[in-house]
Amino acid sequence: MSDPLDITRDLFFARTGLDEDTVLSTISDSLAGSDDGELYLEERHSEMMVFDDGRMKSASYDNSSGFGLRAIAGEAHGYAHSGELSIDAIRRAGNTVRAVTSGHNGSLALPPSAGNNRALYTSANPLEATAFADKVTLMQEIDAYARAADPAVAQVSVSLAASWQAIHIMRPDGYQVADIRPLVRLNVSVVMEKDGRMESGSSGAGGRVMLDKWLDPQIWKAEVIEAIRVARVNLESIPAPAGELEVVLGPGWPGVMLHEAVGHGLEGDFNRKGTSLFSGQVGEQVAAKGVTVVDDGTMDDRRGSITIDDEGTPSRRNVLIEDGILKGYMQDRQNARLMGVDPTGNGRRESYAHTPMPRMTNTFMLNGSYSNEEILASVKKGIYAVNFGGGQVDITSGKFVFSASEAYMVENGRLGAPVKGATLIGNGPDAMGKITMIGDDLALDNGIGTCGKAGQGVPVGVGQPTLKMGGITIGGTEAA
């Protein structure tokens, strides 16, 4: 496997004509007197293809490159970016960011530690690894298979997305580090009709791998079958009840509720500013005993994994909550320094045009000791939420609203009819305290998550085992 620094030095210096020593000298002058800062160089290739209603609906390709220069002085930062990779553009950016360090005589923070330097994914380009014609053929085969699988299938939509991102980080102290990040995703959606009723179902998967994985019929057929199964379930669904009920969350993607309702509240910037419900609670009980939450960016090929973060800090496995006790927050370099703790490898940004901030990678809850069957058998009357659609969370109050895209009634320990329109309403920390049973079936999502924060989106992973919570408000249309 090629050294990422060799690849990025070729991209950003040999091919552009930029002189590495001149760039280092320029950023050293530009960041003089700052507490921290870096030059972030990026090149990204991305492709998106959509096959809908039996034909290729769209195919797009984008190639972008540029840099972002940041200077940090205390709680302030100056940031300038450009799509022009030239020494003149970098110097102009330097003149801009100097404004924040005017009169500030900081001492430059030490560079990130080298870490274990283990690559978590290939540096190959998924856009080039699979021929365009093979991608088109794949989507045609998926469309045909879905329509033949069930005569009730009225519409099929298939999308393929792939990107290749190269980043190179330079600090004024001479520290340099690079990363090459592939990312792919396949999504299949179907609409089915029965007795005049139409419902949809979808399934998707992805990760930091090549697209050739989905050329295997056994792999892509499983996604089609799952999408059809969800649509069939929805065709049989009844209106969801309303009221306070026991709730069982299934393993895997339902961890998105943990990500939104708890994970964001454990990001360093919110806690430094005192705007999170978890602010100042390190060492305190913030969830039920048995609840352990981890953010781990070091997992091979996972969508949320990063060998280094976007400040150059090696990613790592961070235990956020252990047995219900808050152990710490996710940190970038600036917030970690201001809070007197170490960076955790969670400084992330969407692109060179954005500043880094504390963000999650792969966030999940660890196993407990109960089986899925034992948990469901303990429910007198409640909802079993297998999958989620959209949701909203207020970080300051902790209040959340999540829509279940697949859910079932549970009565006297038995699964009942599927329900539609079930909305879970509650408060993140409060919900964590209401967890009464934790399953032994931890699963991660299939590689489909994108997290939004402050206008920036980054790929993430979520997961959890089956969970039982007591007394969650369900918003529905029928009396409970």
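Computed from a prediction, not measured in an experiment: that's the story for all the values here.
- Within 6.0 Å of the CG atom in Asn105, the count of heavy atoms belonging to other residues, nucleotides or ligands does not exceed 12.
- With sequence neighbours excluded, the residues satisfying ring-ring contact (aromatic ring centres under 6.0 Å, His included) with Phe388 are Phe402.
- Within the 3.5 Å criterion, the main-chain N or O of Val158 finds no donor-acceptor partner in the side chain of Asn187.
- Under the 4.5 Å side-chain criterion, counting only non-hydrogen atoms from C-beta, Leu160 is not in contact with Phe51.
- A donor-acceptor contact shorter than 3.5 Å is absent between the side chain of Thr130 and the backbone of Pro126.
- Here the side chain of Gln464 pairs no donor or acceptor atom with the backbone of Leu444 at under 3.5 angstrom.
- Here the rule is side chain to side chain donor-acceptor pair (under 3.5 Å) with Glu38, and of Arg171, Arg70, Gln176 only Arg70 fits it.
- The side chain to side chain contact (heavy atoms under 4.5 Å, CB included) search around Ser163 returns Ser46, Leu183, not counting sequence neighbours.
- Of all heavy-atom pairs between Val209 and Pro182, the closest is O-CB, 4.4 Å.
- For CD of Gln392, the number of neighbouring non-hydrogen atoms (other residues, nucleotides, ligands) closer than 6.0 Å is 12 at most.
- Between the side chains of Asn346 and Thr344, at least one donor N or O sits under 3.5 Å from an acceptor N or O.
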Pairs of donor and acceptor atoms involving the side chains of residues 454-461, under 3.5 Å and at least two apart or interchain, shall be tabulated with distances.
unit_1, atom_1, unit_2, atom_2, d
Gln456, OE1, Glu350, N, 2.8
Gln456, NE2, Thr355, O, 3.0

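- Distance NE2/His77 to CD/Gln334: 7.0 Å, rounded to 0.5 Å.
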